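Below you'll find the structure, written out as structure tokens, and then a few comments.
In listed order, ligands and their atoms are each counted from 1. Keep in mind the model is a prediction, meaning the values are calculated, not measured. All residue numbers refer to positions in the sequence shown, counting from 1. Excluded from the calculations below are hydrogen atoms, water molecules and symmetry mates; all remaining heavy atoms, backbone and side chain alike, are included.
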Amino acid sequence: MTANKPHLSDYIINTNWTEEQKDEYICTHFGEDSSAHHNAVVPPVYESSLHVFNTFETFLDVQKDELNNYVYLRGTNPTVEIAEKKLAALERGDLCKCFSSGMAAISTAILALVKTGDHVLCVGNLYDTTFKLLNYLQKFGVDFTITHSCDMNDIAAEVQSNTTVIFMESPTSLTFQLFDIPAIVDLAKQKNIYTVIDNTWSTPLYQKPLLFGIDVVVHSAAKYLGGHSDILGGAIIARQEVMERIFYNEFMLFGGVMHAHEAWLLIRGLRTLPVRMKQHQQSGTKIAHMLANHPAIKKVNYPGLPSHPHYELGKKQLCGYSGLLSFELQDDSFETVKRVINELKLFSIGFSFGSYESLVLSPNHGDNLDELKKYNIDPGLIRISVGLENVDMLIDDLTQALNKII
Ligand SMILES: *Cc1c(COP(=O)(O)O)cnc(C)c1O
């Protein structure tokens, strides 16, 4: 049994490397030891629910430290651990634990940081299911409010005496607003509030929130990290003390763990993350510019466009832009939104993002105008995930669909 823990101390990375070179090394090689697997270059899928021991004494010793030993699959697994080491290193955090889904990671993170009577402040729009989770938690006496303002004075005014968590996405994944992460961290630290960020849009390559002082980063691995629309998974990355607490409490108790085969696919996805992200960025930027010049469109929401209201802030916080963006039609009727979506040929209609295939959807479902208003979302908003198809073909497709409505 080796104590093989995903810790930053085995971060054997040449200090002359740029941050980008480190990330590329982490994605391709870091956290792997082929000598432990008969020199197989690709690590095996450890489909084993438990590990066995030669003596009862060893078992008793090892099970006192499940975080650092392989005992039972609800704790650690050698394949999953490789993915965890890579994600921790990419985020420059101490430890990562992987989960069965992004929501398993998000619910675990929130439940770790609240108790009855506490308040969660949501800065900007969150993933829809995260809001549903916070609604659900009201039955345990945990309250939440949302502020849509990007102004720090407005955000500070929303902090209550019982606020224990500030939860945000920056950029938000429908409207692509950005928030001043260091300023929010400052505010939170003054008031002993934990900060949690959902970093799914940026991936750890394009934003490293822990370096700005954020306490907890969460991810859905089904998006860019996996990148091939074939897994569901999530992750939490944080400093040692926070992760240890989460591991022995919410992680082991709720049991929403990632399985070895999922981790194996995630590791495979991570190997190409840097090259995929470059392409998503390049195609996303080209498409955002094309959309911004189309007469059927009122507004394009993409942090990589110099016309984006938070472009300068983005340049301080982000080191790149992924391929998920939205645009708002001049004619915001449901009929027109539906028409554009249905006219697209290369963009499939589907719920996720961040994979090889281009996707489209709208939060306007034709019967939820009140809800859109509540969340500050324009009814003419259409979100596209720019995939890895030929970008000129995607542009032609968008152009023909948008030309139908002018
Ligand atoms: C998809 C997604 C989630 C939820 O992740 P699942 O893996 O679907 O549970 C959370 N946050 C964001 C930003 C997402 O895109």
K316 bridged to D180 by N-O distance under 4.0 Å: no
Those atoms of ligand 1 less than 4.0 Å from some heavy atom in F353: 15 (O)
For L232, atoms of ligand 1 separated by under 4.0 Å from a heavy atom: 7 (O)
Salt bridge (Lys or Arg N to Asp or Glu O under 4.0 Å) assessment of D23 paired with R92: CA-CA 10 Å; D23 284 349; R92 309 292 189 263; 2.9 Å; yes
Presence of salt bridge, K115 and D118, under 4.0 angstrom: yes
Interfacing atoms of ligand 1 (cut-off 4.0 Å, heavy-atom, G233): 7 (O)
Protein heavy atom at shortest distance from atom 12 (C) of ligand 1: D198 OD2, 3.4 Å
Atom 9 (O) of ligand 1: nearest protein contact (heavy atom, Å): M103 N, 2.8 Å
Plane angle bin for W264 and H261 - parallel if under 30°, tilted between 30 and 60°, otherwise perpendicular: parallel
Criterion salt bridge (Lys or Arg N to Asp or Glu O under 4.0 Å) on E32 and K86, from CA distance to verdict: CA-CA 9 Å; E32 303 183 41; K86 286 183 190 288; 2.7 Å; yes
Ligand 1-proximal atoms of T130, by part, heavy-atom distance under 4.0 Å: neither
Salt-bridge contact D370-K374 (side-chain N to carboxylate O under 4.0 Å): no
Minimum-distance protein heavy atom relative to atom 2 (C) of ligand 1: K223 NZ, 2.5 Å
Polar proximity ligand 1 side, S220 side, N/O cut 3.5 Å exclusive: yes
Enumerated ligand 1 atoms positioned under 4.0 Å from heavy atoms of I106: 10 (C)
Which residue and heavy atom of the protein sit nearest atom 7 (O) of ligand 1, plus the separation: G102 N, 2.8 Å
Ion pair check, D331 and K298, cut-off under 4.0 Å: no
Lys/Arg-Asp/Glu bridge criterion (N-O < 4.0 Å) met for E24, K278: yes
Protein heavy-atom partner closest to atom 4 (C) of ligand 1 - residue, atom, separation in Å: Y127 CE2, 3.3 Å
